Amino acid sequence: MPDRSQTRLALLKMAARLAPEGRPMRGGEPRVLVVRPDHIGDLVFLSPALSQLRAAVPEAHVTLAIGPWSAGVVELLPGVDRVEVHPFPGFQRGPKPPVMAPYARSARLALDWTGRYDACLIARPDHWWGAMTAAFAGIPARYGWETPETKPFLSTALPPEDGTHEVAANLVLTRRYAADLGRPCENAPALPGQPPLALTVPDRSAAVAIQWLARAVGHDRDYICVHPGAGSPTKLWPEARYRSLLRGLHARTGLPVIVTGSLGEADLVESVAGACPGGIPAAGEFQLSELAWVLSRARVTIGSDSGPLHLAAALGGRTVHVFGPADEAKFGPWSPPERHRVLAAELPCRPCGNLDHCAAYPPLACMAAVPVEHVLQAALDLAHH
């Protein structure tokens with residue numbers, strides 16, 4: 001009996017034959033839809049591609065389709081004229097919807113997209129739902145990656161960029177679209193930190209962050225940041241390790257340590273910050289752009305693989321990242337190597353990419369295997385750099 005994925009693939013291939021023939025829009029500037037349904041870090045990694053698209057096709061009208069979970073990062077991104085926010089299936093946290101709900105939502109969104117775009121760039125490699133929706137909307141040029149489930153819906157399917165950092169892969173996608181318009185981009189290799197992650201914190205957000213810091217730690221005083229939360233439980237470094245880290249940081253530097261997180265992480269933030277007299281809890285204190293500014297201006301920011309850590313690195317901050325199941329070659333910090341450290345356990349199963357559970361070892365094994373002493377030393381090295 002075929003498994004569920006094989007059945008879905010067969011149905012998607014049948015559905016692709018029913019998609020309407022796309023027709024280019026007449027006149028005016030190209031109208032481009034970029035779909036990135038993932039989370040904060042994934043949008044951060046998209047920023048050089050958006051800059052490249054704007055430089056190559058300056059007259060294009062670019063719409064970015066994202067999920068509500070990453071809406072806060074939009075004001076930091078370059079080259080976007082319009083933003084659409086959709087609760088993309090498969091990315092919400094919570095109970096799974098009925099089996100047909102994603103297809104019904106796709107049909108409704110396809111009607112909304114019909115006649116509005118000349119091209120669609122599906123930036124997430126396996127996002128067949130977005131590719132299917134674009135096809136049924138009749139968008140004529142549909143670019144994405146050649147995975148079994150996305151390929152039937154794409155007009156241009158690029159070979160997968162296996163082992164390539166997400167920033168570099170995104171650049172390949174926009175470069176191909178621009179080249180097909182007769183606007184070739186410079187085909188220089190993408191290296192960590194080059195091209196830079198082109199993010200900008202609005203002045204109003206920086207002003208709010210500066211005022212908060214003046215109250216919390218003092219005007220123009222140095223500080224360290226720790227961000228113990230993460231988007232997946234399998235990315236969490238143990239709470240006890242963070243408490244030990246805080247004690248070591250305060251003892252070795254004498255600097256205040258701001259512990260950041262969302263309101264939903266308040267208990268974790270309070271517990272970690274309470275590990276030493278220099279701990280300052282800051283759960284739910286900031287909008288995302290304000291948080292990005294605070295993290296990036298710290299002497300060093302420490303945490304696991306998470307969107308806020310990527311924001312800090314993108315804005316030039318010094319960062320220490322504890323990696324577990326995710327592949328740092330694809331999702332590690334895109335910043336000059338001298339400004340960050342990546343620490344990961346040497347387990348034969350990692351990086352497995354499984355963000356739901358650990359099948360081979362006890363939960364959090366690959367995270368717990370990273371010792372406090374290594375993280376502390378990496379943070380001190382950067383703080384005194």
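In this text the structure is predicted, and so the values were computed from the model without any measurement. What you see below is based on every heavy atom in this structure, not just the backbone, and it leaves out hydrogens, waters and symmetry mates.
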Side-chain heavy-atom pair Val272, Leu245 within 4.5 angstrom cut-off: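 In short, these two side chains do not touch, never coming nearer than 4.5 Å.
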Ile40 vs Leu311 side-chain heavy atoms within contact, under 4.5 Å: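 Yes, side chains in contact.
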Worked check of side chain to side chain contact (heavy atoms under 4.5 Å, CB included) between Arg204 and Glu75: CA-CA 12 Å; Arg204 65 182 184 279; Glu75 64 179 337; 2.7 Å; yes
Regarding [X] and [Y], do their side chains bring together a donor and an acceptor under 3.5 Å, going by distance alone?
| X | Y | answer |
| --- | --- | --- |
| Ser304 | Ser306 | no |
| Thr260 | His227 | yes |
| Glu290 | Trp212 | no |

Pair Tyr242 + Trp237: ring centers closer than 6.0 Å: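 So the answer is yes for these two rings.
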Between Phe331 and His310, ring centroids under 6.0 Å: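 No, the ring centres sit 6.0 Å or more apart.
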Donor-acceptor check, side chain of [X] to backbone of [Y], threshold 3.5 angstrom: yes or no?
| X | Y | answer |
| --- | --- | --- |
| Ser271 | Leu268 | no |
| Asn170 | Phe45 | yes |
| Arg241 | Val370 | yes |
| Lys330 | Thr164 | yes |
| Arg183 | Ala56 | yes |
| Tyr117 | Ala134 | no |
| Arg82 | Thr63 | no |
| Thr150 | His127 | no |
| Trp129 | Pro102 | yes |
| Asp42 | His39 | yes |

Phe153/Leu12 under side chain to side chain contact (heavy atoms under 4.5 Å, CB included): CA gap, chis, key distance, verdict: CA-CA 9 Å; Phe153 298 106; Leu12 291 175; 4.0 Å; yes
Group every Ile, Leu, Val, Met, Phe, Trp and Tyr by side-chain heavy-atom contacts under 4.5 Å, then state whether [X] and [Y] land in the same group.
| X | Y | result |
| --- | --- | --- |
| Leu295 | Leu199 | yes |
| Phe323 | Val226 | no |
| Leu64 | Val85 | yes |
| Val300 | Val217 | no |

Parallel, tilted or perpendicular, as decided by the 30° and 60° cut-offs, for the rings of Phe88 and His86: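 The rings of His86 and Phe88 stand perpendicular, inter-plane angle above 60°.
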Parallel, tilted or perpendicular: rings of Trp334 and His165 (30°, 60°):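 His165 and Trp334: tilted rings.
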Over 12 non-hydrogen atoms of neighbours within 6.0 angstrom of [atom1] in [X]:
| X | atom1 | result |
| --- | --- | --- |
| His219 | NE2 | no |
| Asp180 | CG | yes |
| Glu346 | CD | no |
| Lys151 | NZ | no |

Candidate pair Phe136 and Leu18, rule side chain to side chain contact (heavy atoms under 4.5 Å, CB included), full reasoning: CA-CA 8 Å; Phe136 275 89; Leu18 304 175; 4.3 Å; yes
Evaluation steps, salt bridge (Lys or Arg N to Asp or Glu O under 4.0 Å), between Arg54 and Asp81: CA-CA 10 Å; Arg54 175 61 68 210; Asp81 298 296; 2.7 Å; yes
Evaluation steps, side chain to side chain contact (heavy atoms under 4.5 Å, CB included), between Val32 and Tyr143: CA-CA 11 Å; Val32 184; Tyr143 290 74; over 6 Å; no
